[in-house]
Amino acid sequence: MNINHQPLRVGIIGAGLNGAWGGRAHIPALKALPEFMVTAVGTSRQESAEASANHFGIQHAFSDPLELALHPEVDLVTVSVRVPEHDRLIRAALEAGKHVYSEFPLGRTTAESSALLQAARDRGVRHFAGLQSRANPVIRYVRKLLAEGYVGDVLAVHVNYAIPTYPIRSKQIDQSHVYLLDDANGANQLTIAGGHLLDGIMYLFGPFSEISAILKTQARQVPVEETGEIIRASAPDHVVVSGILPGQAVFSSHIRNAHAGSFAIEINGTKGDLHIRSRQNFMFQIDDLIVLGTQGRGELKELTLPGHIHLPPAELMGTPAFNVAGIYQQIHRDLAKDTHEAPDFQTALAVHELLDQVRKAGETGTTVRLEPGYAV
């Protein structure tokens with residue numbers, strides 16, 4: 001479907017002034033892109049929606065998501081709220097017949113995500129998922145280098161991933177961290193950190209043929225910083241995943257919390273190595289990255305991105321909006337040219353299905369073998 005007007009008008013559900021991801025990442029990303037305009041913002045209360053609209057200079061404010069989606073000045077609805085609310089809010093956008101972009105995880109479960117994909121197909125609208133690593137220019141450059149044979153045949157891929165430990169604060173101050181401790185909410189170390197990482201790995205190398213995993217909840221009693229209240233955690237906080245990638249390349253990764261964050265992907269091949277490193281050492285899908293390479297026995301040196309690699313606006317580098325802006329750039333190209341560059345609900349569903357197999361491997365202590373082409 002071609003865009004019939006410029007710019008593309010976006011309504012964002014979940015852009016309050018309480019540190020919400022929509023306000024921290026989506027609005028700055030869209031304001032830096034001249035091909036977009038944020039025309040509406042929605043939160044759970046009209047008062048907070050109006051406060052957000054006034055703060056960001058947005059014309060329309062809504063507490064009713066269907067009313068936002070139905071507004072004639074909204075072409076694309078962005079859903080950037082906690083995962084348990086995704087199903088209801090995405091369906092409101094679909095009911096209005098609007099294109100929709102949802103953050104990942106798409107749903108609390110694979111079944112919920114599959115139903116949302118089918119609902120979007122039934123409405124005949126374009127659907128997009130916030131798997132932001134696919135828009136990171138370094139990841140796209142590494143994918144190109146691998147396809148060109150920079151490292152030769154890939155032998156091993158290793159990921160070291162330590163997320164900085166955060167305080168658990170009271171619900172009155174910040175609900176999000178408490179929310180991440182409950183496995184039923186569908187948003188935790190496995191689904192968020194693990195889901196984004198495994199999606200990025202599949203984007204670079206292709207689907208897994210087998211998976212093994214260890215999932216542990218080591219901090220089961222978590223104190224709330226201000227009150228001393230003890231929260232029982234059920235979500236995994238240590239995620240160890242290993243497996244086999246195309247060409248029998250061996251994959252290994254360990255995601256955990258630590259006092260000092262770190263992130264690196266090491267790729268070893270028959271002709272050389274590539275190392276992907278983070279500048280922020282926070283989260284793979286948020287950070288901006290650098291890539292170092294060597295062929296033969298040479299020293300690792302930082303590689304310069306070629307000019308043909310699309311870049312998000314430079315002023316966003318180092319902020320949460322950087323990779324989000326890259327996704328929006330892909331979305332605009334897709335809508336303008338009727339292409340399928342940006343990750344969509346089908347991409348998200350494939351990640352959910354893979355995470356189910358990771359859980360199975362972790363619960364049974366066995367290696368799970370996957371069907372060819374299991375994930376995209």
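Basis for what follows: all heavy atoms, side chains included, without hydrogens, waters or symmetry-related copies.
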Say whether [X] and [Y], considering side chains only, have a donor N or O and an acceptor N or O under 3.5 Å apart.
X: S278; Y: D287; result: yes
X: Q280; Y: D288; result: yes
X: H86; Y: E103; result: no
X: Q132; Y: N136; result: no
X: N160; Y: S262; result: yes
X: R369; Y: Q357; result: no
X: R126; Y: H340; result: yes

**Item:** Ring center gap for H352 and F104 short of 6.0 angstrom
**Value:**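 Under 6.0 Å, so yes.
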**Prompt:** Is it true that H254 and Y161 have ring centroids separated by less than 6.0 Å?
**Reply:**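 Judged by ring-centre distance (under 6.0 Å), H254 and Y161 do not meet the cut-off.
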Non-neighbouring partners of [X] that pass side-chain contact (heavy atoms from CB on, under 4.5 Å), sequence neighbours left out:
X: S252; value: H158
X: P246; value: P207
X: P34; value: none
X: N268; value: A156, D273

For the atom pair [atom1] ([X]) and [atom2] ([Y]), what is the distance rounded to the nearest 0.5 Å?
X: D344; Y: Q330; atom1: CG; atom2: CD; answer: 11.0 Å
X: K144; Y: E148; atom1: NZ; atom2: CD; answer: 3.5 Å
X: R140; Y: L204; atom1: CZ; atom2: CG; answer: 12.0 Å
X: D75; Y: L335; atom1: CG; atom2: CG; answer: 9.0 Å
X: L245; Y: I211; atom1: CG; atom2: CD1; answer: 8.0 Å
X: L180; Y: N188; atom1: CG; atom2: CG; answer: 7.5 Å

Pairwise side-chain contact, [X] with [Y], heavy-atom cut-off 4.5 Å (strictly under):
X: E302; Y: V291; answer: no
X: S48; Y: L17; answer: no
X: M283; Y: I192; answer: yes
X: K271; Y: Y150; answer: no
X: Q189; Y: N257; answer: yes
X: L370; Y: L354; answer: yes
X: T347; Y: Y203; answer: no
X: I230; Y: V222; answer: no

**Request:** Mind jotting down which residue pairs meet the ring pair (Phe, Tyr, Trp, His ring centres under 6.0 Å) criterion with at least one end in residues 29-48? Sequence neighbours excluded, please.
**Result:**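 The answer is F36-Y328, F36-H332.
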**Prompt:** What pairs of residues pass the ring pair (Phe, Tyr, Trp, His ring centres under 6.0 Å) test when at least one of them lies in residues 266-325, not counting sequence neighbours?
**Reply:**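 Qualifying pairs: F263-F284.
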**Message:** Between L197 and I255, is the side chain to side chain contact (heavy atoms under 4.5 Å, CB included) condition met? List the steps.
**Reply:** CA-CA 9 Å; L197 173 63; I255 304 170; 3.9 Å; yes
Residues [X] and [Y] bridged, charged N to O under 4.0 Å:
X: R256; Y: D237; result: no
X: R91; Y: E95; result: no
X: E85; Y: R82; result: no

Looking at every heavy atom in both [X] and [Y], which two are closest together, and how far apart are they?
X: A15; Y: I27; value: CB-CD1, 3.8 Å
X: H26; Y: S80; value: CD2-OG, 3.6 Å
X: V83; Y: Y179; value: N-OH, 2.8 Å
X: R9; Y: P72; value: NH2-O, 3.3 Å
X: A120; Y: H127; value: CB-CD2, 3.6 Å
X: A135; Y: N323; value: CB-O, 3.8 Å

**Summary of side chain to side chain donor-acceptor pair (under 3.5 Å) pairs that have at least one residue in residues 55-70, sequence neighbours excluded** =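 Residue pairs passing side chain to side chain donor-acceptor pair (under 3.5 Å), neighbours aside: Q46-S63, H60-E73.
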**Request:** Output every pair passing side chain to side chain donor-acceptor pair (under 3.5 Å) with a member in residues 289-299, not counting sequence neighbours, ordered by first then second residue.
**Result:**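 For residues 289-299, and leaving out neighbouring residues, there are no side chain to side chain donor-acceptor pair (under 3.5 Å) pairs at all.
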In the hydrophobic clustering (ILVMFWY, side-chain contacts below 4.5 Å, transitive), which residues join [X], or is it alone?
X: I290; answer: L292, L300
X: L89; answer: I13, F62, L68, V74, V77, V79, V81, I90, L94, V100, L106, L116, L117, V125, F345, L349
X: V240; answer: I214
X: I244; answer: V250

Test your reading of the model: is there a side-chain donor-acceptor pair from [X] to the backbone of [Y], 3.5 Å cut-off?
X: K98; Y: G11; answer: no
X: D334; Y: E341; answer: yes
X: T109; Y: E112; answer: yes
X: S212; Y: S242; answer: no

**Asked** With hydrophobic residues grouped by side-chain heavy-atom distances under 4.5 Å, do I12 and M37 end up in a single group?
**Response**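 Unlinked, I12 and M37 end up in two clusters.
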**Prompt:** With the 4.5 Å side-chain cut-off for hydrophobic clustering, are L146 and I139 part of the same group?
**Reply:**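 Yes; tracing contacts between hydrophobic side chains, which count when under 4.5 Å, links both residues.
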**Item:** Chi angles and distances behind the side chain to side chain contact (heavy atoms under 4.5 Å, CB included) call for L198, V358
**Value:** CA-CA 10 Å; L198 293 175; V358 171; 4.1 Å; yes
**Prompt:** Any chance CG of N54 has more than 12 other-residue heavy atoms, nucleotides or ligands included, within less than 6.0 Å?
**Reply:**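 Atom CG in N54 is packed in, count exceeds 12.
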**Request:** For the pair K360 and D356, evaluate salt bridge (Lys or Arg N to Asp or Glu O under 4.0 Å) and give the outcome as yes or no after the intermediate values.
**Result:** CA-CA 6 Å; K360 179 180 177 181; D356 283 350; over 6 Å; no
**Asked** Could you go step by step and tell me if L311 and L305 meet the side chain to side chain contact (heavy atoms under 4.5 Å, CB included) rule?
**Response** CA-CA 10 Å; L311 296 175; L305 270 63; 4.0 Å; yes
**Request:** Test side chain to side chain contact (heavy atoms under 4.5 Å, CB included) on Q346 and R121 and set out the steps.
**Result:** CA-CA 10 Å; Q346 176 62 60; R121 286 173 170 171; 2.9 Å; yes
